[in-house]
Structures are given as structure tokens and as C-alpha cells.
Amino acid sequence: MIKALIFDLDDTLYYEKEYVLGALKKVAYYLGNKYRKNEEKFYIRMEEILNTLGRGKIFNIVCEENNFAEDINDLVDLYRNSKPKLNLYDDSKEILKWAREHDYKLGIITDGCSKVQWNKIDALNIEKLVDKIIVTDDLGKEFWKPHGKSYLDMMKYFGVSKDECVYIGDNPNKDFIGARELGMKTVRIIREQGDHITIFLEKEYEADFNILNLLELKEVLKSINN
């Protein structure tokens with residue numbers, strides 16, 4: 001019988017790009033005010049770079065294009081300290097409420113820079129909706145998923161066995177392999193938007209079940225329990 005539901009955070013419970021764009025706006029505002037230039041143009045350019053080249057060199061490119069003598073680390077810190085307004089997906093709110101009403105233990109395991117992830121958690125106001133949150137960066141980067149430590153720590157906290165847990169995530173590169181190696185059941189949410197929606201890997205990397213909406217978890221749990 002499943003007793004605990006453990007969720008990934010980014011692109012599972014909310015749309016992570018909302019955070020990225022909100023944080024980029026903060027950096028664009030800073031640059032616009034410092035150099036007395038149009039902050040909206042900086043933001044639009046940052047979004048263009050994000051959509052074409054990804055996140056890694058956004059600030060470097062913008063500074064090079066405008067001959068800004070900025071310490072990129074300072075801009076990264078500004079980005080990481082931002083707290084843009086974020087919202088849980090509607091189905092996330094509904095399934096967490098339903099699970100609480102049905103006495104499931106609820107946890108979140110999330111990778112990423114600790115400061116950033118806790119800012120996201122605060123912005124989502126999600127701590128009150130679950131019982132335990134593990135930001136793997138707090139354990140050390142070597143313990144980011146797919147390392148099994150966070151899953152084991154969550155099971156120990158809840159006092160449940162591997163057969164009593166389900167892990168729900170979106171990224172087959174790392175979300176499911178560690179959980180499956182421990183013997184947990186796994187569920188992949190494939191949403192309409194997100195960084196990993198088009199990635200499909202070999203069977204050992206994928207989840208036991210795929211869903212398109214978190215409310216489908218109700219039927220998955222019935223299937224597992226039966």
C-alpha cells in the first residue's frame with residue numbers, strides 16, 4: 001500500500017521558466033537603471049538568448065554586446081537572490097489537497113542551487129502543503145539526483161519502505177533512475193511545456209508510469225495498490 005508521494009519541483013509542480021524569466025527581469029532592471037538604458041530591451045534580449053542558446057552565457061553576451069564592465073558573478077548573485085511571483089499548476093494544488101485529505105505523506109526532492117530552490121519554495125508558498133522538502137544541494141552537489149541519498153532520507157523521515165513510496169518527476173535524465181534502483185515506483189508527468197518534454201530515453205531511465213496531468217495519479221495509485 002502506497003503511503004508517501006514524493007515530488008520533484010521544477011516543471012513538475014510549477015512551470016520553472018516563470019522563475020527564470022522573473023529573475024532575468026530583475027537583472028535587466030538593474031542594468032537598465034545603472035546605465036540609464038531601456039531595461040525592457042535588455043529583458044527581451046535576455047529572453048532571446050535563453051530561447052536560442054540556453055541559460056549559461058546570457059549575462060556574458062549582454063555585457064559584451066553593450067560594453068558593460070560588470071562582474072558576471074554579481075549578476076548571477078542578483079539572479080539567484082530574486083524572488084519572482086510564482087504559481088503552482090492547478091492540478092498540483094488539487095492533487096496535494098486530495099493527497100492530504102487521504103492521509104498520504106507528502107515530500108519534495110529538488111536539485112539546483114540551494115538559495116535558488118529555497119527562493120522558489122518560498123515564492124510558491126508550498127512548505128505548508130507538504131511534510132518534508134529536501135533540496136539536494138544542502139546535502140552536497142555529489143548528492144544531486146540520481147544519487148539515492150535524498151530518496152533514502154525521505155523514506156527514513158516518513159518511516160516507510162520502498163514499496164510504500166511513489167516518486168513523481170518530469171526529467172528522465174535523473175529523476176527516475178535513482179528511485180527505481182531503490183525499488184520505488186515512479187511516475188513521469190509529461191506536460192505541455194518544460195525543458196524535458198521531448199526527451200525520451202531507454203527503459204531503465206524512464207518511469208514506470210506516464211501521465212499528462214497530476215490528477216491521473218489517483219488512477220495510478222489504484223493500479224499500484226491493486
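Computed from a prediction, not measured in an experiment: that's the story for all the values here. Residue numbers run from 1 in the order of the sequence given.
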Could you walk me through whether F42 and F68 pass the ring pair (Phe, Tyr, Trp, His ring centres under 6.0 Å) test, one step at a time?
CA-CA 12 Å; F42 288 139; F68 293 158; 5.6 Å; yes
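- The side chain to side chain donor-acceptor pair (under 3.5 Å) with Y14 is formed by just one residue from the set D11, T12, D10; it is D10.
- N119 places no side-chain N or O within 3.5 Å of a backbone atom of K83 that could act as its donor or acceptor partner.
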Considering only distance and modelled atom types, tabulate donor-acceptor pairs under 3.5 Å from the side chains of residues 56-65, sequence neighbours left out.
unit_1, atom_1, unit_2, atom_2, d
E65, OE1, R45, NE, 3.0
E65, OE2, R45, NE, 3.2
E65, OE2, R45, NH2, 2.6

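- Every residue meeting the side chain to side chain contact (heavy atoms under 4.5 Å, CB included) condition with A123, not counting sequence neighbours, appears here in chain and number order: L86.
- Ion pairing between R180 and E204 fails under the 4.0 Å rule for side-chain N and carboxylate O.
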Which atom pairs, one a donor and one an acceptor, fall under 3.5 Å between side chains of residues 124-133 and the rest of the protein, sequence neighbours left out?
unit_1, atom_1, unit_2, atom_2, d
D131, OD1, R100, NH1, 2.9
D131, OD2, R100, NH1, 3.3
D131, OD2, L106, N, 2.7

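- With respect to the salt-bridge test (charged N to carboxylate O, under 4.0 angstrom), the residues K105 and E164 do not qualify.
- A salt bridge links K222 with E219: the closest approach of a Lys/Arg side-chain nitrogen to an acidic carboxylate oxygen falls below 4.0 angstrom.
- Using cut-offs of 30° and 60° on the angle between ring planes, the pair Y167 and F176 is perpendicular.
- In this structure, D138 contributes its side chain and S114 its backbone to no donor-acceptor pair below 3.5 Å.
- No side-chain heavy atom of I44 sits less than 4.5 Å from a side-chain heavy atom of E47.
- Side chain of D111 to backbone of W144: no donor-acceptor contact under 3.5 angstrom is found.
- Contact of the R188 side chain with the P172 side chain is registered, since non-hydrogen atoms from C-beta on lie closer than 4.5 Å.
- With E206 contributing its side chain and L201 its backbone, the two residues share a donor-acceptor pair below 3.5 Å.
- The side-chain heavy atoms of Y151 and I6, taken from C-beta on, include no pair separated by under 4.5 Å.
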